[in-house]
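Below: the structure, in structure tokens.
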Amino acid sequence: MKVVVIGHGMVGSRFADDLLRSHEGARVTVLGKEDHAPYNRVLLSSVVAGKTDSATLRLPWVESDRAQVLRGVEATQVNLAGRTVTDSRGIEHAWDRLVFATGSQARIPDIHGLANPRGLLPGVCVLKDLDDAQRILATLPRARRAVVLGAGVLGLEVATGLAARGLAVTVVHHSGRVMERQLGAAAAQIATGRLAQLGVEVVTHTSISAVTDRRGVLTGLSLTDGRTLPCDLLVMCAGTVPETTLARRAGLPCDRGIVVGPDLSSPADPHVHAIGDCAQPPEGGTGLVAQGWRQSTRLVAAMTGTSSDLVDEPTDLTNVVRVKAPGLDVVTMGLTGAVADTQREVRGEREVRTVRLSDPAIGRHVEVVVAHGLLVGATVIGDQQCATDLSAMYTRMLPVPRDPAHLIVRPLAGAARPRATSAAEMGDDDTVCQCNTVSKGRILQAVREGCTTAAEVSRQTRASTGCGDCAGLVGELVRSCARAAGQSPSSATHDVSQTNHQTGHQTGQNRVPALAGRSEG
């Protein structure tokens with residue numbers, strides 16, 4: 001089976017690797033537009049903030065004599081009738097199966113003066129790939145005042161990172177509150193107050209109408225409300241657009257993304273598939289890498305004739321979003337903010353209940369949403385322990401107390417066993433890596449099978465290739481195994497590359513039947 005994968009990012013490289021491991025007859029050609037090995041692009045804001053070295057972003061790549069990985073080679077034409085893909089060198093690649101994993105592109109608003117014939121004006125940047133991050137870093141030495149367009153997750157991470165580097169930062173946002181997709185009014189107010197303490201000013205209900213420059217270099221901005229802002233650096237975090245250009249030219253059905261069915265196949269050709277940010281499945285796209293990884297697993301299972309119990313659910317029930325910003329701790333999961341309010345209005349107070357605790361004085365906000373005896377959503381700002389406990393309850397689908405207020409007043413009291421605080425206290429079935437659903441037992445098995453470092457365990461199990469929160473725990477497990485075997489702990493030094501901080505957790509099937517019909521596109 002000849003398989004051509006268009007895209008060598010986090011999802012495309014994962015799919016190619018998984019298929020080669022599972023299908024001995026598969027021969028895979030991967031066309032990657034970027035001249036880089038696969039890397040964790042969703043930690044790029046940490047690179048901008050100076051928290052992460054770009055060299056640590058590298059992810060495992062395809063290693064097989066049945067694979068041809070072409071980096072810096074772009075797919076330029078798809079011939080569905082002849083089943084070939086032509087690359088930027090003019091070489092044709094035949095396929096039996098074609099997989100689009102082209103991801104998405106940064107959305108660039110129509111702003112007067114934003115670009116010149118050579119591209120974006122010097123000082124104007126987006127943050128979508130490693131080259132973008134390097135351009136921002138190159139601008140920092142001569143920048144004092146920065147503006148970030150967009151107050152979504154990425155925008156807030158970039159803003160706090162730049163502020164931590166000593167820049168005066170203003171966030172410009174079209175909506176009336178930050179992170180309006182995830183946060184309700186009260187939570188957004190708490191987050192905005194915390195941003196102010198970090199030196200980030202938030203300007204809402206406006207956008208950028210024009211940029212001004214001096215000798216071709218950015219000097220300031222004009223806002224749609226008439227105000228002007230001086231700035232040396234503009235980072236646009238205005239969302240993304242699925243990359244569908246090649247699919248559209250080939251005649252494949254596309255809406256916002258490449259339209260695929262539940263089996264991830266195009267309705268125009270069952271041998272053509274799309275996964276990750278470029279795909280538009282029936283349940284909608286989350287924009288989180290975990291959904292692409294799940295789609296990769298499902299597609300590999302379909303191609304190899306094996307079973308997979310992974311079923312993507314409506315996006316508002318499966319998202320776990322973590323904002324990792326210097327000084328700002330925000331975690332949201334499931335039904336949150338205005339979405340929860342809408343569900344409560346539609347279905348009735350008794351079916352969907354929300355309990356909130358806000359304390360602006362200390363920058364803490366905790367909100368839980370309960371339905372049918374389960375935690376179906378939560379928002380936590382400024383309380384890492386509570387976020388960890390509620391996340392565990394949400395992903396493990398544990399029953400909640402009769403009074404949801406107990407989830408806030410006494411997190412998980414009487415509803416779950418005490419949270420393990422170290423590797424030694426964890427049971428083998430306890431999940432170490434939530435992003436990839438890797439248990440302690442699976443990690444120990446990898447060590448027994450010969451893995452001697454955290455990086456080898458990561459390669460074998462995928463643990464810590466998600467948000468990176470579990471990297472320290474993975475290293476601790478490897479070191480404890482080394483000590484138990486009488487080896488030098490130094491041989492198990494933690495060297496796992498840090499990874500995605502916005503992955504979504506996709507757990508279980510039919511999480512809440514009464515709510516499972518809702519989806520977002």
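Position 1 is the first residue of the sequence, and the numbers go up from there. FYI, side chains are in, hydrogens and waters are out, and symmetry mates aren't considered; it's all heavy atoms of this structure.
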For atom CD of Glu449, is the number of surrounding heavy atoms from other residues, nucleotides or ligands below 6.0 Å larger than 12? yes
Rounding to 0.5 Å, atoms CD (Gln280) and OG (Ser266) come to a distance of 11.5 Å
The side-chain contact (heavy atoms from CB on, under 4.5 Å) partners of Ala187 (sequence neighbours excluded) come to Leu183, His365, Thr379, Ile381
Review point. Do Met179 and Leu156 pass the side-chain contact (heavy atoms from CB on, under 4.5 Å) test, and can you show the C-alpha distance, the side-chain angles, and the key distance before you say yes or no?
Key: CA-CA 9 Å; Met179 289 180 62; Leu156 297 189; 3.7 Å; yes
Here the gap from Arg462 atom CZ to Thr297 atom OG1, rounded to the nearest 0.5 Å, amounts to 8.0 Å
Rounding to 0.5 Å, atoms CG (Leu43) and NZ (Lys51) come to a distance of 8.5 Å
- prompt: Side chains of Thr332 and Gln182: is there a donor and an acceptor less than 3.5 Å apart?
  reply: no
query: Pro109 versus Met236: any side-chain heavy-atom pair under 4.5 Å?
result: yes
Looking only at heavy atoms, the pair that brings Ala133 and Leu44 closest together is CB-CD2, 4.2 Å
Taking Asp255 for its side chain and Gly257 for its backbone only, find out whether a donor-acceptor pair lies under 3.5 Å. no
Heavy atoms of Gln291 and Gly287 approach each other most closely as OE1-N, 4.4 Å
Is there side-chain contact between Leu407 and Met393, with at least one heavy-atom pair below 4.5 Å?
yes
> Any chance the side chains of Glu456 and Thr452 put a donor and an acceptor closer than 3.5 Å?
Replying inline: yes
- Query: Distance-only, no hydrogens or angles: does the Tyr39 side chain make a donor-acceptor pair with backbone N or O of Leu130 under 3.5 Å?
  - Reply: yes
Heavy atoms of Val171 and Ala151 approach each other most closely as CG1-CB, 3.7 Å
In this structure, CG of Leu264 is separated from CZ of Arg294 (nearest 0.5 Å) by 11.0 Å
Quick one: does Thr56's side chain have a donor or acceptor within less than 3.5 Å of a partner on Asp53's backbone? yes
Heavy-atom nearest pair, Ser104 first then Asp277, reads OG-OD2, 3.3 Å
The reported gap from CD1 in Ile208 to CG in Leu149 (rounded to nearest 0.5 angstrom) is 4.5 Å
_Apply side chain to side chain donor-acceptor pair (under 3.5 Å) to residues His273 and Gln295 and explain how you reach the verdict._
CA-CA 10 Å; His273 315 274; Gln295 291 170 347; over 6 Å; no
- prompt: For Glu180 and His173, what are the C-alpha separation, side-chain angles and deciding distance, and is it a side-chain contact (heavy atoms from CB on, under 4.5 Å)?
  reply: CA-CA 10 Å; Glu180 72 277 6; His173 195 48; 2.7 Å; yes
State, with a plain yes or no, whether a side-chain heavy atom of Val369 is found less than 4.5 Å away from one of Val352. yes
Ignoring hydrogens and angles, state whether a donor on the side chain of Thr304 or Ser22 is under 3.5 Å from an acceptor on the partner side chain.
no
Heavy-atom closest pair (Arg107 atom, Ala238 atom, distance to 0.1 Å) is NE-O, 2.9 Å
Rounded to the nearest 0.5 angstrom, the CD-CD distance for Glu243 and Gln105 is 4.5 Å
Hits for side-chain contact (heavy atoms from CB on, under 4.5 Å) against Ala387, two or more places apart or cross-chain, chain-then-number order -> Val331, Val380
Report task. Please confirm whether the backbone N or O of Lys128 pairs with a side-chain atom of Asp132, one donor and one acceptor, at under 3.5 Å? Result -> yes
* **Thr192 side chain near Val202 side chain, heavy-atom distance below 4.5 Å** => yes
Is the backbone of Cys254 close enough, under 3.5 Å, to the side chain of Thr244 for a donor and an acceptor to pair up by distance? no
Per side-chain contact (heavy atoms from CB on, under 4.5 Å), Ile258 is matched among Pro281, Cys278, Pro242, Pro253 by Cys278
Quiz item: Would you call Gln460 and Arg442 a side-chain contact if the rule is heavy atoms closer than 4.5 Å?
Solution: yes
Quiz item: Does some side-chain heavy atom of Val235 sit less than 4.5 Å from a side-chain heavy atom of Cys237?
Solution: yes
In terms of heavy-atom contacts, Leu374 and Val400 come closest through C-CG1, 3.7 Å
- Task: Take Leu375 and Leu398 through the side-chain contact (heavy atoms from CB on, under 4.5 Å) test and state the conclusion after the steps.
- Result: CA-CA 8 Å; Leu375 180 68; Leu398 296 172; over 6 Å; no
With Gln385 as partner, the option from Asp389, Thr388, Asp383 fulfilling side-chain hydrogen bond (donor to acceptor under 3.5 Å, both in side chains) is Asp389
So side-chain hydrogen bond (donor to acceptor under 3.5 Å, both in side chains) across residues 194-204, not counting sequence neighbours, yields Arg194-Gln197
query: With no hydrogens and no angle check, is any side-chain donor or acceptor of Arg165 less than 3.5 Å from a backbone partner on Val48?
result: yes
Practice problem: For Arg58 and Pro38, indicate whether the former's side chain and the latter's backbone hold a donor-acceptor pair under 3.5 Å. | Solution: no
- Mind checking whether Val169 and Val148 have side chains closer than 4.5 Å, heavy atoms only? yes
Other residues, nucleotides, ligands: >12 heavy atoms within 6.0 Å of Gln189 CD
no
TODO: May I ask you to test the Leu444-Asp428 pair for a side-chain heavy-atom distance under 4.5 Å?
DONE: yes
| Verdict with reasoning, Thr354 to Val368, per side-chain contact (heavy atoms from CB on, under 4.5 Å) | CA-CA 6 Å; Thr354 302; Val368 295; over 6 Å; no
Tell me whether Asp403 contacts the main-chain N or O of His406 through its side chain, where contact means a donor paired with an acceptor under 3.5 Å. no
Does any N or O in the side chain of Arg353 come within less than 3.5 Å of the main-chain N or O of Val370, such that one atom is a donor and the other an acceptor?
no
Q) Are the side chain of Ser458 and the backbone N or O of Ala454 linked by a donor-acceptor pair below 3.5 Å? A) no
